[in-house]
Peer 1: 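Okay, handing you the structure first.
Residues take their numbers from the sequence shown, with the count starting at 1. Both counts, for ligands and for their atoms, begin at 1 and track the order of listing.
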Amino acid sequence: MPALDEAARQSVHELLRRHFGYDSLRPLQAEAIAAGLARQDSLVVLPTGGGKSICYQMPPLIAQRLDVVVSPLIALMKDQVDGLVANGYPAAALHSGMSEDDRAAVRHGLQEGRYRLLFVSPERLSNDAFVAGLRRYGVSSFAIDEAHCISQWGHDFRPEYRQLARLRELFPGASLHAFTATATPRVREDIREQLALREPVELVGNFDRPNLTYRIVPRIKARDQTIEILSRHHGEAGIVYCLSRRETEEMAAALVAAGIKAAHYHAGLSADQRNRTQEQFSEEKLDVVVATVAFGMGIDRGDVRCVIHAAMPKSIEHYQQETGRAGRDGLEAECVLLHSPADSIRWEGLMRRSTSEAEGDPATLDAALDAQLKLLRDMQRFCSAVTCRHRALCRYFGQESADADAPGGCGACDCCLGEVETLHDSTLAARQILSAVARVQQRFGAKHVADVLHGAASENVIKWGHQELSVYGLMRERPLPAIQNLVYQLVDAGLLASTGGDRPVLTLTPHAMPVLKGEVEVTLLRPRIKAKATKSAVAEAGWKGVDRDLFEWLRQLRRRIAERIGKPPYVVFADETLREMARRRPSTLEGFARLRGVGARKLRDYGDEFLAAIEGSCRERGLGRDMES
Ligand code: ADP
Ligand code: ZN
C-alpha cells in the first residue's frame with residue numbers, strides 16, 4: 001500500500017487548505033494520492049460523495065505536472081473545471097462543445113505548461129494529433145473518472161469508453177488510475193481487465209453513507225406522498241425518480257400545481273431542453289427535478305437534501321447510485337422510497353418482454369434475464385424487510401456497518417428510528433383479503449379484489465354480480481389504493497400468488513390456509529399518506545448552532561454572486577461553508593479564513609462581501625459573533 005512521506009503529507013495539507021479550505025483528508029484519499037504520486041496504477045472505489053476528485057487533483061499539483069482526466073459527460077467536465085478554477089486550481093477541458101477560440105486558448109495554455117489537469121472525453125483519445133500533443137507535453141498519468149462506464153456489467157455502460165483500452169498501448173509508460181462508485185466485484189474486475197491495469201493498488205471505501213436517512217414506506221398515492229415529503233424540504237434541492245417518462249411529466253405537473261419549483265427530465269426530451277433543466281437546477285432556479293434514471297450523472301449539485309423514489313428501482317445498485325446523489329456535500333439528507341410490491345411484478349413483466357423481443361442467442365438472453373431477475377429479487381427483499389437499511393445496504397456490498405449494532409441502531413433509517421408502522425389489525429385485514437380472493441374464484445387481479453373489498457360499484461363488480469358477495473364492502477373505511485397496497489403485501493409475503501402476463505390474476509398459495517383458519521398471525525405495514533418522520537441525530541447535528549435566517553440570507557447572497565459571475569452557486573461556496581458562517585459568525589477576515597471550505601482564493605474573492613453580510617445581519621438581530629465551533 002503506497003503511503004505519503006512526510007514532505008508529501010505537508011504539501012497535501014498546505015494545498016488542501018490553500019485551494020479547497022479543507023483541514024484533513026477523508027478515508028483512503030491519502031492512499032489514492034500516494035498511488036498517483038508514485039504513478040502506480042490504481043482502482044479507487046469510493047461511494048458517491050466520498051471525495052474521489054481530490055485523489056486525482058492533488059498528485060499533479062504536488063508533482064507540478066500535467067495529468068489527464070477522462071470524463072464521460074461534457075456537463076460534468078464543465079462543472080468540475082469551473083469549480084477548480086474558482087478555487088485557483090489550474091485546470092482546463094478540451095471537448096467538442098467548446099468554440100474553436102476557446103480550444104485554441106487551452107492549447108496555448110498547454111504549450112505554456114499552465115495547467116495541472118486537463119479534462120477530456122474518451123473520444124478525444126482516438127485523435128492522433130491530440131495524442132501526439134499529450135506525448136509532447138509529457139503526460140504520464142491518466143485518471144479515468146466513472147470508470148464503470150467501460151463495463152457492460154455496470155449500469156452506465158458507454159461504448160465510447162471501450163476506446164480507453166488503447167491507452168495502455170498509446171502511453172506504455174503512463175500510469176492509469178480508475179475511479180468509480182460502483183462496487184460490484186464483477187464490474188471491478190472488468191475495469192482492471194479492460195484498462196489492462198498493472199498490479200493496481202485497490203482502494204475500496206466504506207459504502208455506508210451515515211448522513212443519509214433511508215425510509216421505505218408503503219405507496220398509496222405517489223403524488224400526495226411526494227408532496228408531503230417535499231414539504232419537509234421547502235426551498236431545498238430534491239430529485240424524484242419515476243419509472244416512465246409519462247410518470248415524470250405527470251408528477252412534475254402535480255408538484256408545480258402544489259407550488260413547488262419543479263420540472264421533469266427524461267431521455268425523450270431534446271438535448272436543449274435537458275440542458276436547460278440541468279442548468280436551472282444548478283443555478284437554484286429549480287428546486288426539484290422529476291426524472292427517469294437518465295438524470296443524475298451530469299449533476300454536480302452537492303446540496304440535494306432529498307431523493308424520492310416514486311417506485312422501486314430494479315436493483316440495489318441503481319438504488320445506491322440514485323440515493324447517492326443526496327447529500328454529496330456530507331450534510332444530512334433524506335431518501336424515501338415509496339414502495340409497492342406491485343413494482344416488482346411490473347419490472348418482471350418488462351424484463352421478460354424485452355428478453356422475448358431481443359435478438360440473439362437464447363441461452364445468453366436467458367442467462368442475462370436470470371441475472372436481472374436475481375438483482376430485482378434482492379431489491380424487493382431489501383424493501384420488504386423491516387431491518388436496518390444502512391446495514392442491509394452495507395451487507396449487500398459485502399461490508400459491515402459499525403452503527404447498526406449500537407443501541408438504537410444506526411439512528412438514520414425508518415426501522416432504527418422506530419417509524420415503521422404496522423397495521424394494528426393486520427391479521428384480520430389479511431384474512432378479509434384472502435377470503436375475497438377465494439370468493440372471486442381466484443380469477444381476478446388486485447384492483448378488482450380491492451374494489452370488492454372497498455365496496456366500489458365498478459363496471460366489473462356489477463358485471464359479475466360481486467356486490468352480492470359477503471366480502472363486498474368489508475373494508476369500506478379504507479381508501480382503495482391502501483387496500484391495493486395491502487393486497488400486494490400479501491403477494492410479497494407469499495400468501496397470494498400473482499400470475500404473470502398482461503392481466504395478472506391472484507391465487508391463494510398453501511400458506512394462505514393457516515391464516516384463513518386463524519392459526520397464523522400476519523404483520524402488514526400501515527399504508528398512509530403522512531408517514532412518521534422523526535429528525536435523525538445527523539440532521540440535528542448538521543444545524544446545531546446555525547442561525548437559520550442568517551443561513552438563508554447568505555444563500556441569497558451566494559445566489560446573487562453566482563448570477564454575477566455566471567456560475568452555479570455551489571462554485572461560490574458549499575452549503576456546509578454557509579452553515580459554518582451562520583454558526584460561527586466571524587467578525588474578521590482571519591476568522592473567516594478558518595472556516596471549512598474557505599481557501600485563499602475564495603477569501604480574496606468573496607471574504608469582504610460575506611463578512612459585510614454577516615456583520616449587518618448580526619448587528620440588526622443582536623446575534624453573538626466569533627462563536628467557537
Ligand atoms: P465523488 O466524486 O466521490 O462523488 P467529490 O470528489 O465530488 O465526490 O467530493 C464530494 C464532496 O466532498 C465535494 O463537495 C468535495 O469538495 C468534498 N470533499 C472531498 N474531499 C474532502 C475533504 N478531504 N475534506 C472535506 N471535504 C471534502
Ligand atoms: Zn438503521
Peer 1: Can Arg305 and Glu334 be counted as an ion pair, charged N to O under 4.0 angstrom?
Peer 2: no
Peer 1: Could you list which atoms of ligand 1 come closer than 4.0 Å to a heavy atom of Pro47?
Peer 2: 3 (O)
Peer 1: Are Glu284 and Arg559 close enough for a salt bridge, meaning some N to O gap below 4.0 Å?
Peer 2: yes
Peer 1: Go through ligand 1 atom by atom and flag the ones less than 4.0 Å from a non-hydrogen atom of Ser53.
Peer 2: 2 (O), 5 (P), 6 (O), 7 (O)
Peer 1: Between Arg548 and Glu552, does at least one N-O distance fall below 4.0 Å, as a salt bridge requires?
Peer 2: no
Peer 1: Residue-level breakdown please: for Ala181 versus ligand 1, do any non-hydrogen atoms fall below 4.0 Å on the side chain, on the backbone, on both, or on neither?
Peer 2: neither
Peer 1: Please state whether the rings of Tyr22 and Phe20 are parallel, tilted or perpendicular, taking 30° and 60° as the class boundaries.
Peer 2: parallel
Peer 1: Before signing off on this row, confirm whether Arg328 and ligand 1 have an N or O atom pair separated by under 3.5 Å.
Peer 2: yes
Peer 1: Are any of the N/O atoms on Leu46, whether in the backbone or the side chain, positioned under 3.5 angstrom from an N/O atom of ligand 1?
Peer 2: no
Peer 1: Kindly check if the number of other-residue, nucleotide or ligand heavy atoms within 6.0 Å of CD (Glu609) is above 12?
Peer 2: yes
Peer 1: Answer yes or no as to whether an N/O/S atom of His390 is found below 2.8 Å from the Zn ion (ligand 2).
Peer 2: no
Peer 1: Who's closest to atom 16 (O) of ligand 1 heavy-atom-wise, of Tyr56, Phe179, Tyr22?
Peer 2: Tyr22
Peer 1: Going by the rule side chain to side chain contact (heavy atoms under 4.5 Å, CB included), which residues pair with Glu189 if we only count those two or more places apart in sequence or in a different chain?
Peer 2: Arg192, Glu193
Peer 1: Looking only at heavy atoms of Ser24, does any of them come nearer than 4.0 Å to an atom of ligand 1?
Peer 2: yes
Peer 1: Using 2.8 Å as the threshold, say whether any N, O or S atom from Cys416 sits that close to the Zn ion (ligand 2).
Peer 2: yes
Peer 1: Give the single entry among Gln29, Met58, Lys52, Arg596 that approaches atom 20 (N) of ligand 1 most closely by any heavy atom.
Peer 2: Gln29
Peer 1: Please classify the Ala574 to ligand 1 contact at 4.0 Å (heavy-atom distances, strictly less than): side chain, backbone, both or neither.
Peer 2: neither
